[in-house]
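Each remark here refers to the structure printed beneath this line.
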Amino acid sequence: MRALHARLPKNFVLEERLKAYSSVIEPHPESLKGIWASACAPITAEGHAFYSEVRVDLGCGKGSFTAAQAKANPDVLFVAIDTEPICISYAAKTIYEAGIPNAIVVPGTGMKIDEYFSPEEISVIYLNFPAPFPRIRQAKLRLTDAERLMQYRNVLTKDGVVRLKTDSQPLFDFSLEQVEVAGYNFIWKTRDAQADFPNDIPSEYEKKLSAQGAKVHAYLITPGPIPADFTPTKPVSLVDYLPEDLESLTYVPHGMESTVRNLANRARKLRKKSQ
């Protein structure tokens, strides 16, 4: 998820927040590789329990999605991962104060997911409104790049799935291509997830951007046969996936506002010059 830019509360001290909610933060996720479902489970009167499955929320933001999913699925362990310390503090606060036992927060990156988890340890990977990284030089940071999808194969169960939600039509179209390259199969895909799945639990960004007029593009995919001749795709700009007529855009994807504005201004200047 994109970094949160909301104004911080008065007297907010990051180190104090992280310390206060440290009981739901796992700073060394590699130490639980292969044992998440048992190591994070509570000890019952019958002995040490274990969770039925492990799901990962990559880019968890403030943690409301993870918390809601964990409440709805008490037998599942949810691991919320984010690179932003402020997001970690908010997510930990949300989970701690709600008293949710089956969710844990990890300061980390999706780039290291196979360092944190063992083969066939994760049943679901959620990608909720990931940063689009529209520029070519940032292309390999996209969580839906074919190389990342190949990496997810290393930790997904045989029937594991990856679910993407985004407001960005360019990122979605790019991502559809990457699914094919990485040999995944579509279970479903939609350009209006809220209409097709009205009862889905929304993330913070889904609520915020939908209120601004965004359509939610989404897919659910599962690994097919491993491509025999997989080759990473050449880095591309998401500008290539914008419509030619930028004036026709009724909604500008979050994270691409300045790019679209600059392109539109350039197009107007060229038209004026030609006239």
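Here the structure is a predicted model, which means the values were calculated and not measured.
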Under the side-chain hydrogen bond (donor to acceptor under 3.5 Å, both in side chains) rule, collect the residues that match up with K93, sequence neighbours excluded. E97

Does K33 NZ have over 12 foreign heavy atoms under 6.0 Å away? yes

Selection residues 57-79 - residue pairs positive for ring pair (Phe, Tyr, Trp, His ring centres under 6.0 Å), sequence neighbours left out: F65-Y126

Quick check on the 6.0 Å ring-centre criterion: do Y205 and H254 meet it? yes

Please list, chain by chain and in numerical order, all residues satisfying side-chain hydrogen bond (donor to acceptor under 3.5 Å, both in side chains) with T259, sequence neighbours excluded. none

Looking only at heavy atoms, which two atoms of A41 and Y51 are closest? And how far apart? CA-CE1, 3.5 Å

Does the side chain of W36 come within less than 4.5 Å of P29's, by heavy atoms? yes

Is the cationic atom of K62 (NZ for Lys, CZ for Arg) positioned less than 6.0 Å from the six-membered ring centroid of Y90 and within 45 degrees of its normal? yes

May I ask you to test the K165-D200 pair for a side-chain heavy-atom distance under 4.5 Å? yes

Contacts of D173 that satisfy side chain to side chain contact (heavy atoms under 4.5 Å, CB included) - sequence neighbours left out: Q169, L176, R191, Y241

S23 meets the side chain to side chain contact (heavy atoms under 4.5 Å, CB included) criterion, sequence neighbours left out, with Y96

Quick one: are N128 and R163 in side-chain contact, heavy atoms under 4.5 Å? yes

Starting from F133 and following side-chain heavy-atom contacts under 4.5 Å between hydrophobic residues (I, L, V, M, F, W, Y), which residues can be reached? M111, L141

Among residues at least two apart in sequence or on other chains, which ones pass side chain to side chain contact (heavy atoms under 4.5 Å, CB included) with D159? none

Mind checking what makes side-chain hydrogen bond (donor to acceptor under 3.5 Å, both in side chains) contact with K112, not counting sequence neighbours? none

Is the shortest heavy-atom distance from the side chain of I125 to the side chain of I113 under 4.5 Å? yes

Do N73 and R55 have side-chain heavy atoms sitting under 4.5 Å apart? yes

Sort out for me which residue in V161, T157, V155, V162 forms a side-chain contact (heavy atoms from CB on, under 4.5 Å) with I122. V155

Only counting residues at least two apart or in another chain, list the ones meeting salt bridge (Lys or Arg N to Asp or Glu O under 4.0 Å) with E180. none

Can you measure from OH (Y152) to OH (Y184) and round to the nearest 0.5 angstrom? 8.0 Å

Name all residues meeting the side-chain hydrogen bond (donor to acceptor under 3.5 Å, both in side chains) criterion together with Q138; count only those two or more places apart in sequence or in a different chain, and write none if there are none. none

Kindly list each side-chain donor-acceptor pair under 3.5 angstrom involving residues 221-235, sequence neighbours excluded, with atom names and distances?
residue : atom : partner : partner atom : Å
T222    : OG1  : G160    : O            : 2.7
T231    : OG1  : D229    : O            : 3.4
T233    : OG1  : Q178    : OE1          : 3.1

Does A68 have any side chain to side chain contact (heavy atoms under 4.5 Å, CB included) partners at least two apart in sequence or in another chain, and if so, which? I201

